[in-house]
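Presented below is the structure to which this report refers.
A note on names: the letters A, B, ... follow the listed sequences, proteins ahead of strands, and every chain is numbered from 1. Predicted, not measured: the structure shown is a model, and the values here were computed from it.
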Number of protein chains: 2
Amino acid sequence: MPLTVGDLARASGVAPSAVRFYEAHGLLSAERTSGNQRRFHDADVCRTKVIRVAQRVGLSVAEIKQVLDELPPDPAPEDWQRLAESLVAEAHRRIQHLQQVLGEITGGGKLCELKEPATSVAGSRS
Amino acid sequence: MPLTVGDLARASGVAPSAVRFYEAHGLLSAERTSGNQRRFHDADVCRTKVIRVAQRVGLSVAEIKQVLDELPPDPAPEDWQRLAESLVAEAHRRIQHLQQVLGEITGGGKLCELKEPATSVAGSRS
DNA sequence: TGTTGACTTCAACAAATGTTGAACTTCTAG
DNA sequence: CTAGAAGTTCAACATTTGTTGAAGTCAACA
């Protein structure tokens with residue numbers, strides 16, 4: 001049973017406008033009825049949830065499109081599994097990055113050392 | 001020696017427009033010369049660097065303003081230290097959140113299980 | 001004092017991620 | 001068949017975080 005925009009939105013917890021936005025940007029695709037209405041597959045609920053998760057991981061819509069584009073048509077569970085793992089990997093990468101930033105904050109130590117240096121000579125700035 | 005916009009920008013690695021933006025949003029403050037030009041303190045280099053780090057941690061300008069507003073005027077090194085620690089804590093919180101998202105991806109398992117359910121009765125949607 | 005680079009303000013633009021509204025069409029239940 | 005809910009498109013708006021450009025002013029060196 002195909003899903004309308006509203007069905008998909010409700011099922012995946014996003015606004016209908018967001019569903020249209022994702023379709024417009026190639027993250028989702030839909031067939032059209034003879035009357036030009038979108039019809040999604042049940043699997044698009046999954047796809048949409050993955051999109052949201054990927055966003056929470058910090059991927060942009062363009063980046064999400066890239067990873068989704070590498071999925072085969074009609075992805076099997078193990079395809080989703082691989083995608084999930086790559087999201088996990090990306091999340092770990094971002095975590096590492098944050099931890100590196102942390103290191104710069106705490107480790108560097110010299111982020112905020114500023115004491116009066118020896119008096120200079122240059123033109124005094126009012 | 002007070003710093004001009006350009007001085008501060010160069011010293012802290014941001015564009016002059018960004019410095020003005022931060023001042024306009026209350027993250028930085030400046031005195032003015034008689035001719036209305038901004039003059040920053042040396043310590044604002046530190047402040048600005050902290051702003052950038054906080055952004056990399058994922059705080060919005062509004063949030064950064066909040067934490068900076070809790071700093072005493074003319075903060076001592078230990079004040080910066082505390083702020084750094086709270087950024088660290090926030091980063092850890094974000095890391096934990098990402099890890100929770102990861103858990104939902106991998107652990108839940110039922111993110112993408114959709115197989116043909118029993119045939120329903122409702123009006124067939126083309 | 002004059003020149004010139006750096007400063008000022010203000011408005012417009014930019015990109016990302018949607019939301020909202022208007023005007024119109026379609027679908028489905030009764 | 002028809003009413004009303006839900007769909008369609010398109011344009012405008014909203015928010016965040018700045019950048020860019022125009023028009024004009026200031027400051028520091030010579």
Handout entry: Atom pair distance, as rounded to whole Å: CD1 in A:I64 and P in C:dA16
Key =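 To the nearest whole Å, that distance equals 13 Å.
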
Exercise for the section: Would you check if there is a donor-acceptor pair between the side chains of B:E85 and B:Q81 at a distance under 3.5 Å? Expected result: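 A donor-acceptor contact under 3.5 Å links the two side chains.
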
Exercise for the section: Inspect the surroundings of CG in A:D69 and state if more than 12 heavy atoms from other residues, nucleotides or ligands are less than 6.0 Å away. Expected result: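 More than 12 heavy atoms, drawn from other residues, nucleotides or ligands, come within 6.0 Å of this atom.
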
Practice task
May I ask you to check whether over 12 heavy atoms, not counting those of A:Q96, lie within 6.0 Å of atom CD?
Solution key: no

Fill in the blank from the handout: Residue pair B:A18/B:Q37 against DNA chain D: nearer the 5' end by closest nucleotide is B:A18

With a cut-off of less than 4.0 Å, is there a side-chain N or O of [X] near OP1 or OP2 of [N]?
| X | N | answer |
| --- | --- | --- |
| A:Q55 | C:dA16 | no |
| A:S34 | C:dT26 | no |
| A:R38 | D:dT8 | yes |
| B:T4 | C:dC7 | yes |
| B:R52 | D:dG18 | yes |
| B:Y22 | D:dT17 | no |

Handout entry: Nucleotide of C:dT19, C:dT17, D:dA28 approaching A:S17 most closely (side-chain heavy atoms)
Key =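 Selected nucleotide (nearest to the side chain): C:dT19.
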
Fill in the blank from the handout: Regarding the side chain of A:R32, the nearest nucleotide among D:dT8, D:dT20, C:dG18 is D:dT8

Handout entry: Position toward the 5' end of DNA chain C (nearest nucleotide), B:G6 or A:F21
Key = B:G6

Completion exercise
Taking for A:P16 and for A:N36 the nucleotide of DNA chain C with the nearest heavy atom, the one nearer the 5' end belongs to A:P16

Practice task
Check every strand shown and say whether A:R20 touches a base, only sugar-phosphate, or nothing at a heavy-atom separation below 4.0 Å.
Solution key: base

Exercise for the section: Describe the nucleic acid contact of A:R10 in one word from base, sugar-phosphate, nothing, applying a heavy-atom distance below 4.0 Å. Expected result: nothing

Problem - Salt bridge flag under 4.0 Å for residues A:R38 and A:E23 - result: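 So A:R38 pairs with A:E23 through a salt bridge.
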
